[in-house]
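Protein chains get the first letters and strands the later ones, always in sequence-line order, with residue 1 at the start of each. Computed from a predicted model, the values in this text were never measured in an experiment.
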Number of protein chains: 2
Amino acid sequence: MLSERKREVLRAVVSEYVNTAEPVGSRTLVRRHDLGVSTATIRNEMADLEEMGYLEQPHVSAGRVPSDSGYRFYVDNLMEQDQLTGSEQDLLNQLAGITTREADTVLASASRLLSQISNYVGLVTSPRIHTSRLTSVKLVHLDHRLALALLFTDNGQVESRVMVLPPEIEPADMENLAAYFTHRLAGKPIEEITSQLLDEVYEELLENVRHSCDLLGQIASALMAWLKASARGRVYMGGAHNILKQPEFQDLEKVRRLLALLEEEPILLQLLQRDPGTMVTIGRENQLPVMQDCTVVSATYAVNGRPAGTLAVLGPTRMNYAHVISVLEYMSGCLEQAFSGKDKD
Amino acid sequence: MLSERKREVLRAVVSEYVNTAEPVGSRTLVRRHDLGVSTATIRNEMADLEEMGYLEQPHVSAGRVPSDSGYRFYVDNLMEQDQLTGSEQDLLNQLAGITTREADTVLASASRLLSQISNYVGLVTSPRIHTSRLTSVKLVHLDHRLALALLFTDNGQVESRVMVLPPEIEPADMENLAAYFTHRLAGKPIEEITSQLLDEVYEELLENVRHSCDLLGQIASALMAWLKASARGRVYMGGAHNILKQPEFQDLEKVRRLLALLEEEPILLQLLQRDPGTMVTIGRENQLPVMQDCTVVSATYAVNGRPAGTLAVLGPTRMNYAHVISVLEYMSGCLEQAFSGKDKD
DNA sequence: ATTAGCACTCTCCCCAAGAGAGTGCTAACG
DNA sequence: CGTTAGCACTCTCTTGGGGAGAGTGCTAAT
């Protein structure tokens, strides 16, 4: 266990380095944080902390810099809660007030706000409806060739898609078809509706109903494509340019690689697949080589009480952890409100 | 008018500079392009070209670099047609083959491909349905509180949106309502359906029909919001990181500003609002200060013969103009094919 | 255990010198 | 008269040395 003074020193080093981005020496440390001892003592403490792996020295006659483990210890044991300022709260509260019904707009604004307040990169995933259940399938006849397929879920969402039908179908057939789909699929979590299950339903239909397989196949594959698309999930990114403000991203090639990564939606999506709660991934803790001097702080948000999506901030390991965590957790609430409020009316 | 030799020299300077990104001197010019005269002669020609404003000298003892007007002259008078390689064509042809019905996927891939082939930033706008006409409005009752609003356009597109209704409405009312909207709005180009027109219709409805204004207002505003959203248009961007490969973007602050700009969708949208055809905007010809050492080459694509959207490449003024233009024009065709093919089936 | 003092190390900045590249000018040439 | 060889000149970029500055670790004294 670290002595109280060592903890104090480590905390001071982190806070100083986060502010200045420059290796911090014993002198500046005693001057700016009243530690009550001399520089020599601090030097000894810092040497100890270095040996323990919490601090590093860029070169022998420079100050100290927190290592990944140093940040880790700081986050786990030393960090103090941060209070958002009033204006920050106001900014974030806008989210709940967006009038549009489009999730799109809300999420785009969220990622933007995140980057704006944190000065890092903001990331937000769309709410995943995986966990919600299908309640019914409807087919509505529109005109001679067009029908509308509707999926209802138990969290109040409705998705619709226009489908082109072959001319030989009767309105009654369509009702039967919809009823059958509902019968077979209702109550199932969206994520369990795989192509395998759909294939089964397809086979059954072929046996029981006397439709052209063409039509059935079309409907089944449209349903499938559509479920896939809505299950895919999107990632909204805002403020990518902010990383260029950080002194640790002066190396153009490094920045380029990171930016290229940020354009790969599937990778981001996988990256943001997280368990509920707040999580901090520091430097080497990240799997991807490009991100090994970045930190990702993530939180999840819920819709109607169920975990739905992730919001995150990506920045250098030298990050204002306390502040970012506060922002994320506050925004998590705002998003829940925005989405849950929307479903009610 | 420029002498044939001057044209030759200017062409050589542009081509050399585009390849090497370094000021080109008389020596390298005669060595790499067989101009048949000595360096001294070339020096004189270059001095003339500089005086005419087509070339510039970074400093007195450096080689020459094309000015914005130099590029302009090159593009307008000197450039030779570029042939795409087979593999480039294959890559672009993928676009037409995307099976998804989602415009989203096609456009995202398009911007990606554009950046991949050109090594600059690729931009694509979604097809604008402005010019198409509304044919009818339908309201379909779903369950006690939900209705589906449908808009049909004369190019075969259908847009649908779920609306929440107050309970007091009767199915017959809804049909009347839909019929009235159709009666008043059918045949109008989408872009003419402004909030002013909708307000008029709203007023008329209030007089003629005995519904709660609450409901009417709701429907009108939903319709409005929705038309706005589908008229808004989106911009797809790919390969933003590519600009970091360019030696002219070493200045981090400059890059940051440009990246920030690229995150502003409305600005991009305005930027890409272009008349049909291929267009090159070089350096200072751009309005925005951030872009004054960039070139935007844009082309438009049509859907069913009508101009629908823009695709563009953004890079440094030192750009491979001929190649980029070929790529854009080829892709324009691919996009038209992708979208027009889609509407048919 | 803490601290003052000191020698030592390493980076960063500045400056001067020299190499290199390219020019413009002048005078000679066909 | 257009073209070219030759040359002096200018400017940048690189290289290397020297000194200032910051910070350290160690030792001896408190």
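A 6.0 Å sphere centred on CZ of B/R31 holds more than 12 heavy atoms belonging to other residues, nucleotides or ligands.
The pair B/D76-B/R72 meets the salt-bridge criterion, with a side-chain N (NZ, NE, NH1 or NH2) lying under 4.0 Å from an Asp/Glu carboxylate O. By the 4.0 Å N-to-carboxylate-O rule, B/E56 lies too far from B/R64 to be salt-bridged with it. For B/R284 and B/D293, the salt-bridge test fails: no basic side-chain N is under 4.0 Å from an acidic carboxylate O.
Where DNA chain C meets chain B (any atom under 4.0 Å from a heavy atom), the bounding nucleotides read 5' to 3' are C/dA21 to C/dG24.
The nearest heavy atom of DNA chain D to A/P23 and to A/A40 marks one nucleotide each, and the one closer to the 5' end goes with A/P23.
As rounded to whole Å, 16 Å separates atom P of D/dG2 from atom CD1 of B/I42. As a whole-Å value, the separation of B/N44 CG from D/dC1 P is 16 Å.
The line from CG of B/L114 to CG of B/L91 is 11.0 Å long, rounded to the nearest 0.5 Å. To the nearest 0.5 Å, atoms OG (B/S109) and CG (B/L92) are separated by 11.5 Å.
Among the heavy atoms of the strands, none lies under 4.0 Å from B/T39.
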Next on the checklist: Run the salt bridge (Lys or Arg N to Asp or Glu O under 4.0 Å) test on A/R5 and A/E8 for me, step by step, so that the C-alpha distance in whole Å, both residues' side-chain angles and the decisive distance to 0.1 Å come before the verdict.
Outcome noted: CA-CA 5 Å; A/R5 194 169 65 194; A/E8 211 55 63; over 6 Å; no

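Between B/T41 and the phosphate of D/dT4, there is a side-chain N or O to OP1/OP2 separation shorter than 4.0 Å.
Between A/T300 and A/R274, the shortest heavy-atom distance links the atoms CG2-O, 4.1 Å.
Consecutive Watson-Crick or G-U pairing (both distances under 3.5 Å) extending over three or more pairs maps onto DNA chain D as C:1-30 with D:1-30.
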